[in-house]
J.: 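Structure provided below as structure tokens; questions to follow.
Atoms within each ligand, like the ligands themselves, are counted from 1 in listed order.
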Amino acid sequence: MSRPAIRHVVGIIAALLVAAGIGLLAGRVAVSLTLALAVLLAFEVRNLLRFERWLRHKDAESPPDITGLWGEVVASTSRLHRRKLFHEQRVTALLREFRRMASAIPDGVVLLTRAREISWVNAAAGRWLGLNRKGDRGMRVDNIVRHPVVIAYLEDPDGHPPPRVQMPGQDERWLEFHLVRNPLGEQQLLLVRDVTSEARVDAMRKDFVANASHELRSPLTVIGGYLDAMEDDATLDTVWREPVAEMRRQSDRMRGIVEDLLELSRLEARGGPAEKSPVDVAGLLAALRKEVLAQPEPAPPIEVGAQPDAFLLGSETELHSIASNLVWNAVKYTPPSGSIVVRWWADARGGHLSVKDTGIGIPAEHLPRLTERFYRVDAGRSRKLGGSGLGLSIVKHALQRHDAWLEVESIDGKGSNFTCHFPAARISRVTH
Ligand code: ADP
């Protein structure tokens with residue numbers, strides 16, 4: 001017990017003893033004790049009422065001036081209350097400061113509930129997404145940003161890359177969306193970044209590459225034509241035979257690079273998902289096999305096992321480009337003593353095209369970067385084999401347009417397996 005509490009109890013006992021003594025002297029102990037208890041009770045009730053009144057108005061009134069144990073209770077309560085007020089003010093100030101900062105940051109910030117309803121919006125997000133900072137509170141963000149790519153991303157952020165979309169409106173800004181989720185909390189954060197200038201530079205780069213490749217095509221054709229004629233010319237000095245042959249190889253290589261760059265530009269320019277024409281993959285693979293067998297260079301045996309009734313709904317030229325790049329890579333990077341197996345099959349998950357070889361394989365550290373433009377594991381070897389370093393980049397882009405993805409498995413020195421996975425929505429069963 002605290003000292004004021006002991007004093008309080010001792011005071012009560014003393015008052016009762018005095019009352020009892022007076023009662024004994026007056027011969028009325030019961031009356032005297034009852035009176036003393038009534039006075040003590042009145043004292044306690046009065047303090048209790050003052051305390052309770054102050055509790056109700058503690059924000060406006062200063063604490064009552066009470067001494068003893070009641071004074072101690074009032075002081076402790078007042079101290080706790082002051083501390084709570086202090087913390088509340090600090091948290092409010094911090095929150096205000098945070099909102100002021102978040103409002104001022106140049107990126108857009110939208111605070112969402114788990115159900116994707118808007119709780120708060122900063123100035124940039126309000127401006128870019130056309131959100132009314134007060135009026136749209138509680139609205140679902142996907143009812144406001146109605147872009148299908150953004151909606152698909154919000155529904156499954158792990159399954160989609162952060163989308164970049166051009167917003168309709170006067171300034172036609174490009175915005176990139178990032179959803180930051182809090183697995184424990186109720187809130188999630190939608191970050192919006194203005195990528196207009198990046199998108200413009202990207203578009204300029206694509207235009208430049210497309211135009212430059214296009215312009216290079218005609219001179220290369222002319223040079224190739226003259227080199228053809230020189231090679232066929234029986235009167236050509238033998239000293240020039242080897243240099244002309246080398247020039248021919250190099251001009252063919254350059255033509256290959258230009259064609260690949262143009263194809264990549266075309267794929268990028270098309271954007272969006274590919275058309276859905278039924279493509280006979282088994283027929284396409286059989287034709288590719290014939291092409292490989294018809295070439296003069298020694299090549300490894302190639303086996304094709306394809307499900308003939310599974311047609312792929314897509315663009316025939318792009319699917320040909322995918323299969324041809326993968327098959328010719330397998331031919332390039334597999335010695336004639338090795339083997340190549342090409343398979344096409346459909347199951348409940350979709351369609352799968354795999355090209356497996358027993359070639360040189362790829363060291364694991366290169367696998368994540370294989371589909372980058374001009375990325376080669378061994379630049380010297382690839383160049384010698386006539387590779388542009390763009391083949392797998394074309395494959396990746398064409399697959400993306402078919403909502404498909406590429407899986408690469410490879411063991412250095414043992415061989416590689418490239419598998420394209422197409423969604424079930426792009427498979428059509430045909431009955432012959
Ligand atoms: P390239 O025109 O150089 O073949 P690609 O983009 O088609 O360019 O392939 C990129 C790189 O991936 C190649 O340079 C090669 O190192 C590696 N690669 C691709 N396919 C295979 C394969 N089947 N076996 C081994 N390495 C491969």
J.: Who's the nearest protein heavy-atom neighbour of atom 13 (C) of ligand 1, and how far?
T.: Y333 OH, 3.4 Å
J.: Would you name the heavy atoms of S416 and S410 that are closest together and state the gap between them?
T.: OG-OG, 3.0 Å
J.: Which of the numbered atoms in ligand 1 are below 4.0 angstrom from a heavy atom of G391?
T.: 5 (P), 6 (O), 7 (O)
J.: Using heavy atoms and a 4.0 Å limit, tell me yes or no: is N325 in contact with ligand 1?
T.: no
J.: Among all protein heavy atoms, pick out the one at the shortest distance from atom 23 (N) of ligand 1; state its residue, atom name and that distance to 0.1 Å.
T.: D357 OD2, 2.8 Å
J.: Students often mix this up, so state it plainly: with edges at 30° and 60°, are the rings of H366 and Y375 parallel, tilted or perpendicular?
T.: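 Tilted.
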J.: So is I362 polar-close to ligand 1, meaning N/O to N/O under 3.5 Å?
T.: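 I362 vs ligand 1: no N/O contact under 3.5 Å.
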J.: In Å and rounded to the nearest 0.5 Å, what is the NZ to CD distance from K396 to E372?
T.: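 CD of E372 is found 8.0 Å from NZ of K396.
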J.: Might you confirm whether atom NZ of K332 has over 12 heavy atoms from other residues, nucleotides or ligands at distances under 6.0 Å?
T.: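 Enclosed.
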J.: Would you mind checking if E318 and K276 are paired as a salt bridge, meaning a charged N to carboxylate O distance below 4.0 Å?
T.: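 Between E318 and K276 there is no salt bridge, as every charged N stays at least 4.0 Å from the carboxylate O atoms.
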J.: Considering distance alone, does some N or O of V377 sit under 3.5 Å from an N or O of ligand 1?
T.: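 Such a contact does occur with ligand 1.
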J.: For ligand 1, which atoms have a heavy atom of L370 less than 4.0 angstrom away?
T.: 12 (O)
J.: Which part of K332 is near ligand 1, with near meaning a heavy atom under 4.0 Å away: side chain, backbone, both or neither?
T.: side chain
J.: Just so I know, are the side chains of V165 and F177 near enough to count as touching, which here means a heavy-atom distance under 4.5 Å?
T.: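 They are in side-chain contact.
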J.: Would one find an N or O of S393, backbone or side chain, under 3.5 Å from an N or O of ligand 1?
T.: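 Between S393 and ligand 1 (N or O atoms, distance only) the closest approach is not under 3.5 Å.
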J.: Tell me: protein heavy atom nearest atom 11 (C) of ligand 1, and distance?
T.: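 For atom 11 (C) of ligand 1, the nearest protein heavy atom comes out as Y375 O, 3.7 Å.
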J.: Of all the heavy-atom pairs spanning V110 and A125, show the shortest one and how long it is.
T.: CG2-CB, 3.7 Å
J.: Nearest heavy atom to atom 20 (N) of ligand 1: which of D378, N329, I394 does it belong to?
T.: N329
J.: For the pair T196 (side chain) and W174 (backbone), establish whether a donor and an acceptor sit closer than 3.5 Å, ignoring hydrogens and angles.
T.: yes
J.: For ligand 1, which atoms sit closer than 4.0 Å to a heavy atom of S388?
T.: 2 (O)
J.: For R349, does the CZ atom have more than 12 heavy-atom neighbours from other residues, nucleotides or ligands under 6.0 Å away?
T.: no
J.: With no hydrogens and no angle check, is any side-chain donor or acceptor of E176 less than 3.5 Å from a backbone partner on R164?
T.: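 Not a single qualifying donor-acceptor pair exists.
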J.: Measuring from atom 9 (O) of ligand 1, which candidate in T371, L367, L392 has the nearest non-hydrogen atom?
T.: L392
J.: Heavy-atom contact check, 4.0 Å cutoff: does G359 meet ligand 1?
T.: no
J.: Does G389, backbone or side chain, put an N or O under 3.5 Å from an N or O of ligand 1?
T.: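 Indeed, backbone or side chain, G389 has an N or O that close.
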J.: Which heavy atom of the protein is the closest neighbour of atom 3 (O) of ligand 1, given with residue, atom name and distance?
T.: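 Ranked first by proximity to atom 3 (O) of ligand 1 is S382 OG, 2.6 Å.
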